[in-house]
A.B. asks: 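Structure provided below as structure tokens; questions to follow.
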Amino acid sequence: MSANTLNWTYQAVKMRYKQIADKILHPHLKWVHFDGRRPWLDTKHPKIILTLQFFGKGVRDLNIAAHGRDGTALPCRIFGAGEPVAGRQDYEDRPIGLRSRVRLRVDFPAEGPVTLYETDTGTELLSLDPQIVYPAFLFDLVQELHGEFAPDILKNFVETGTLFGHTALHASYWFDTVTTIELASKLHAMARSTLAHRDNITCVRGNSAEALPRVIQKLDGPSVFFLDAHWSGDATVDWGSSPWGGYPVDTAQIEDTDLENADRQVPLMQELKTIATDHAAPAIVLIDDWAAIGQTDNGFKGEDWRNLDRRTLTGWMTEHPRTRRHFPLDAKRYVWVLNAS
Ligand SMILES: C[S@@+](CC[C@H](N)C(=O)[O-])C[C@H]1O[C@@H](n2cnc3c(N)ncnc32)[C@H](O)[C@@H]1O
């Protein structure tokens with residue numbers, strides 16, 4: 001069959017934001033620090049600034065350059081040593097002849113990873129690979145529980161909190177239907193356009209606590225719910241003091257001044273109750289960010305999850321007549337499996 005007899009069009013996925021996976025390729029490179037927030041690449045403005053700390057013989061005379069996957073030279077501007085990086089003062093007291101700090105800006109190509117290398121020897125130092133995040137924990141869980149619900153569990157996937165749509169995109173290749181709910185208008189609009197080529201994805205705009213009953217009404221059969229809606233910071237946050245670093249966009253919280261801070265930020269309890277009352281078929285519910293429950297300032301200052309408490313929640317699940325079982329998936333996530341009602 002020749003290529004032009006194929007009756008479909010391929011549409012490349014253009015995620016605007018990708019997470020940069022960094023891999024240190026040389027033992028003299030000790031750490032990498034990205035300016036600003038967590039290392040997300042904005043492909044519309046594909047430049048990042050980072051600081052590298054070296055320790056070892058010969059590291060004071062490094063000449064660093066960058067190339068793309070095919071070896072093409074890329075713009076890489078060195079700013080000297082830069083200021084010491086907060087929280088990264090290690091190596092400051094080591095012998096001066098054996099340490100160096102380099103601050104630089106790298107301009108990414110349209111696609112693919114960037115490798116930093118030492119020009120005199122060609123030694124590779126660091127690779128920076130922009131990626132669509134793959135939540136392996138989620139799809140591993142689906143694999144693990146698949147037998148219990150086979151073949152139906154791959155019917156419906158519902159995500160609360162779309163962000164960029166990375167998880168929804170992957171889910172659309174596993175499940176018959178994917179529904180993802182996002183409160184922030186800009187993020188919803190961006191995800192709608194990015195995911196438009198996947199005709200089994202529905203992007204819903206709104207507060208998941210309010211939108212879920214309508215979404216559930218349209219589902220037929222068992223579902224996997226990925227509960228990940230919560231305020232994840234915006235430009236008002238002091239990201240410099242955050243151990244986590246945040247996303248490169250503003251995320252949303254419910255705008256209702258009558259609600260307590262935590263109730264504006266975290267709709268989880270309402271989501272769980274709605275699933276239990278409205279979704280009659282069996283379900284697997286995966287709660288993300290379990291470790292943040294009951295805490296404040298967990299990932300950044302101002303984050304508030306005090307409207308819930310883990311012990312009460314697990315007690316509630318134990319008592320619930322629909323509970324098949326519940327268990328921690330890992331330190332950050334919790335699973336609730338529901339029988340049909
Ligand atoms: C941690 S991010 C979601 C990440 C996404 N699930 C993924 O796997 O890539 C949380 C998102 O929830 C959104 N959000 C916050 N409160 C919400 C609510 N009440 N309803 C729906 N979305 C909400 C935020 O705007 C943010 O985009």
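Quantities reported herein were computed from a predicted structural model and do not represent experimental measurements. Atoms within a ligand are numbered from 1 in the order they appear, just like the ligands themselves.
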A.B. asks: Any non-hydrogen atom of Y247 lying under 4.0 Å from ligand 1?
C.D. replies: yes
A.B. asks: Is there at least one pair of N or O atoms, one from S208 and one from ligand 1, spaced under 3.5 Å apart?
C.D. replies: yes
A.B. asks: State whether the shortest distance between N or O atoms of A252 and N or O atoms of ligand 1 falls below 3.5 angstrom.
C.D. replies: yes
A.B. asks: Check this for me - ligand 1, H166, N or O atoms closer than 3.5 angstrom, yes or no?
C.D. replies: no
A.B. asks: With atoms numbered from 1 as shown, which atoms in ligand 1 lie under 4.0 angstrom from a non-hydrogen atom of L187?
C.D. replies: 27 (O)
A.B. asks: Strictly under 4.0 Å, does any heavy atom of P267 approach an atom of ligand 1?
C.D. replies: yes
A.B. asks: Backbone or side chain, does any N or O of T167 fall under 3.5 Å from an N or O of ligand 1?
C.D. replies: yes
A.B. asks: Please verify whether a non-hydrogen atom of A168 lies at under 4.0 Å from ligand 1.
C.D. replies: no
A.B. asks: Heavy atoms only, cut-off 4.0 Å: how does T162 contact ligand 1, side chain, backbone, both, or neither?
C.D. replies: backbone
A.B. asks: Looking only at the side chains, is there a donor atom on one of D129 and S127 sitting less than 3.5 Å from an acceptor on the other?
C.D. replies: no
A.B. asks: Count the heavy atoms of every other residue, nucleotide or ligand shown that sit under 6.0 Å from CZ of R16, and state whether that count exceeds 12.
C.D. replies: yes
A.B. asks: Taking distance alone, with no angle check, do Q265 and ligand 1 share an N/O pair under 3.5 Å?
C.D. replies: no
A.B. asks: Is it possible for you to check whether R105 lies under 6.0 Å from the centre of the six-membered ring of F79, through NZ or CZ, and within 45° of that ring's axis?
C.D. replies: no
A.B. asks: Hey, is ligand 1 close enough to G161 that some N/O pair sits below 3.5 Å?
C.D. replies: yes
A.B. asks: Between E111 and K14 (salt bridge meaning N to carboxylate O under 4.0 Å), is one present in this structure?
C.D. replies: yes
A.B. asks: Decide, yes or no, whether a salt bridge links D107 with K47 under the criterion of side-chain N to carboxylate O below 4.0 Å.
C.D. replies: yes
A.B. asks: Looking at R94, I want to see if its CZ is surrounded by more than 12 non-hydrogen atoms of other residues, nucleotides or ligands under 6.0 Å.
C.D. replies: yes
A.B. asks: Below 4.0 angstrom from a heavy atom of F226, which ligand 1 atoms are there? Numbered from 1 as shown, please.
C.D. replies: 6 (N), 8 (O)
A.B. asks: Considering only non-hydrogen protein atoms, determine which one is nearest to atom 14 (N) of ligand 1 and report residue, atom name and distance to 0.1 Å.
C.D. replies: H230 N, 3.8 Å
A.B. asks: With a heavy-atom distance limit of 4.0 Å, tell me whether E159 approaches ligand 1 through its side chain, its backbone, both, or neither.
C.D. replies: side chain
A.B. asks: Can you find an N or O of S232 that's nearer than 3.5 Å to an N or O of ligand 1?
C.D. replies: no
A.B. asks: In terms of side-chain geometry, is the basic nitrogen of D42 or K44 positioned less than 4.0 Å from the acidic oxygen of its partner?
C.D. replies: no
A.B. asks: Does any N or O atom in I254 lie less than 3.5 angstrom from one in ligand 1, N or O only?
C.D. replies: no
A.B. asks: Answer yes or no: is there an ion pair linking D90 with R88, defined by an N-O contact shorter than 4.0 Å?
C.D. replies: no
A.B. asks: Which ligand 1 atoms does W231 reach within 4.0 Å, using its non-hydrogen atoms?
C.D. replies: 15 (C)
A.B. asks: Can E83 and R103 be counted as an ion pair, charged N to O under 4.0 angstrom?
C.D. replies: no
A.B. asks: Within the structure, is a non-hydrogen atom of E182 found at a distance of less than 4.0 Å from ligand 1?
C.D. replies: yes
A.B. asks: Nearest protein heavy atom to atom 19 (N) of ligand 1, by residue and atom, and its distance?
C.D. replies: N207 OD1, 3.0 Å
A.B. asks: What about the rings of W290 and W305, do their centers lie closer together than 6.0 Å?
C.D. replies: no
A.B. asks: Heavy atoms only: which of L183, L212, D228 lies closest to atom 22 (N) of ligand 1?
C.D. replies: L183
A.B. asks: With a 6.0 Å cut-off on the ring centroids, do F54 and W31 count as close?
C.D. replies: no
A.B. asks: Mark up the atoms of ligand 1 that fall under 4.0 Å of a heavy atom belonging to G206, in ascending order.
C.D. replies: 20 (N), 21 (C)
A.B. asks: Give a yes or no on this: more than 12 heavy atoms of other residues, nucleotides or ligands lie within 6.0 Å of atom CZ of R69.
C.D. replies: no
A.B. asks: In this structure, are over 12 heavy atoms from other groups packed under 6.0 Å from E144 atom CD?
C.D. replies: yes
